[in-house]
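Small disclaimer: the values here were computed from a predicted structure and weren't measured.
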Amino acid sequence: GDKNCVELHVLHHVSIMNCNSFENQEIRQIKISPGGNLLAVLVNLKGTKGDVIRFDISNHTFVDIGKTLRGVKTEKANIELSDDGNDEATHSGEDNFLRFYQISKNSTWIIPEKKIECKRMALSSNQGVLATISPNTDTVMVFHRNKYCEDGFSHVRFTIILDNSPNELLWEIVNVTLSGNINVLKKGGPYDTAETMIAEELCVNNDVINTTDKVDIDSCISFRIFDLG
């Protein structure tokens with residue numbers, strides 16, 4: 001607060017410390033990405049509005065990567081960001097709404113129409129799951145991040161809840177043709193931790209998924225699970 005700067009300290013390297021100054025700006029929140037390579041700083045500018053400035057800190061210095069997210073509510077605010085910096089989530093205690101933002105192909109921020117009312121949020125270490133707490137009932141709500149798929153492909157997600165023998169489970173998602181050819185699209189297992197939830201996702205060609213109205217398509221997608229016990 002005295003220097004109005006953000007200090008960057010490197011673990012196990014006491015002598016490495018850098019400070020980035022934010023003159024004439026009030027720092028409201030800082031957040032490091034799950035992988036530790038990016039830093040987001042929320043600064044208050046006028047009233048209850050401010051900007052989220054992103055820095056690359058992978059080399060233990062502050063490198064402004066541009067594309068500042070502007071007009072964010074800063075009252076009792078919290079922020080999260082993905083490792084690539086292209087996805088951000090903000091929450092303000094002013095209206096208890098969680099807002100998602102994403103960088104578009106032309107490097108502008110996309111602000112989704114839907115807002116989620118909550119009073120707190122937390123992003124998982126793999127950036128795939130966001131948990132929120134309802135402001136009225138203290139209910140925990142979980143949101144899965146959609147995988148971006150190119151044109152002509154669809155997003156497929158499935159969830160597995162492991163039993164007491166996770167080391168006995170194997171699975172595959174395959175593309176099966178009428179001639180009997182099998183192409184493995186994704187596979188997983190065995191696992192180490194019992195009674196946990198595993199969420200997997202992938203992009204699949206629409207020609208494989210949309211077979212109901214295309215008689216010339218001779219393949220389908222199939223999920224196979226193997227119990228080694």
With rounding to the nearest 0.5 angstrom, report the [atom1] to [atom2] distance, [X] to [Y].
X	Y	atom1	atom2	value
Asp192	Leu162	CG	CG	10.0 Å
Lys67	Ile65	NZ	CD1	7.5 Å
Asp84	Arg54	CG	CZ	9.0 Å
Ser222	Ile173	OG	CD1	9.5 Å
Leu81	Ser33	CG	OG	5.0 Å
Thr74	Asn44	OG1	CG	3.5 Å

Give a yes-or-no answer on whether the side chains of Asp56 and Ser58 include a donor-acceptor pair shorter than 3.5 Å.
-> yes
For the residue pair Asn59 and Thr61, confirm or rule out a side-chain donor-acceptor distance under 3.5 Å.
-> no
Yes or no on salt bridge (Lys or Arg N to Asp or Glu O under 4.0 Å) for Glu200 and Lys186, after CA distance, side-chain angles and deciding distance?
-> CA-CA 9 Å; Glu200 297 284 350; Lys186 194 169 186 178; 3.2 Å; yes
Residue set satisfying side chain to side chain contact (heavy atoms under 4.5 Å, CB included) with Ser92, at least two apart, ordered chain then number -> Lys73, Glu75, Glu94, Asp95
For Ile182, enumerate each residue passing the side chain to side chain contact (heavy atoms under 4.5 Å, CB included) test, keeping only those at least two apart in sequence or located in another chain.
->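 Result, side chain to side chain contact (heavy atoms under 4.5 Å, CB included) vs Ile182: Val174, Val176, Arg224.
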Please confirm whether the backbone N or O of Gly50 pairs with a side-chain atom of Arg70, one donor and one acceptor, at under 3.5 Å?
->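 Side chain of Arg70 to backbone of Gly50, a donor-acceptor pair under 3.5 Å: no, none is there.
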State whether the side chain of Thr90 and the backbone N or O of Ile79 hold a donor-acceptor pair below 3.5 Å, judged by distance alone.
-> no
May I have the step-by-step check of side chain to side chain contact (heavy atoms under 4.5 Å, CB included) for Ile57 and Leu38, ending in yes or no?
-> CA-CA 6 Å; Ile57 58 172; Leu38 296 182; 5.8 Å; no
Joint hydrophobic cluster, [X] plus [Y], side-chain heavy atoms closer than 4.5 Å:
X	Y	value
Ile225	Val204	yes
Leu169	Phe158	yes
Phe223	Ile221	yes
Leu170	Tyr191	no

Would Ile160 and Trp171 count as a side chain to side chain contact (heavy atoms under 4.5 Å, CB included) if you check the C-alpha gap in whole Å, the side-chain angles of each, and the deciding distance to 0.1 Å?
-> CA-CA 10 Å; Ile160 300 175; Trp171 59 265; 3.6 Å; yes
For side chain to side chain contact (heavy atoms under 4.5 Å, CB included), just list the numbers for Val72 and Leu42, CA-CA rounded to whole Å, side-chain angles, deciding distance to a tenth of an Å, and then say yes or no.
-> CA-CA 8 Å; Val72 176; Leu42 175 62; 4.1 Å; yes
Verdict with reasoning, Leu39 to Phe62, per side chain to side chain contact (heavy atoms under 4.5 Å, CB included) | CA-CA 9 Å; Leu39 170 71; Phe62 291 88; 3.5 Å; yes
Which heavy atom of [X] sits nearest a heavy atom of [Y], and at what distance?
X	Y	result
Glu88	Leu69	OE1-CD2, 3.2 Å
Phe153	Asn206	C-OD1, 3.3 Å
Val52	Ala40	CG1-CB, 3.9 Å

Considering only NZ, NE, NH1 and NH2 on the basic side and carboxylate oxygens on the acidic side, decide whether Glu80 and Lys31 come within less than 4.0 Å.
->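 Here Glu80 pairs with Lys31 in a salt bridge, since their nearest N and O are under 4.0 Å apart.
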Would you say Leu228 has more than 12 foreign heavy atoms packed within less than 6.0 Å of its CG?
->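 Enclosed: over 12 neighbouring heavy atoms sit under 6.0 Å from CG of Leu228.
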Given a cutoff of under 4.5 Å between side-chain heavy atoms of I, L, V, M, F, W and Y, with clusters grown through shared members, what are the other residues clustered with Val63?
->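 Direct or chained contacts put Val63 with none.
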Do the non-hydrogen side-chain atoms of Phe226 and Glu172 ever get within less than 4.5 Å of each other?
-> yes
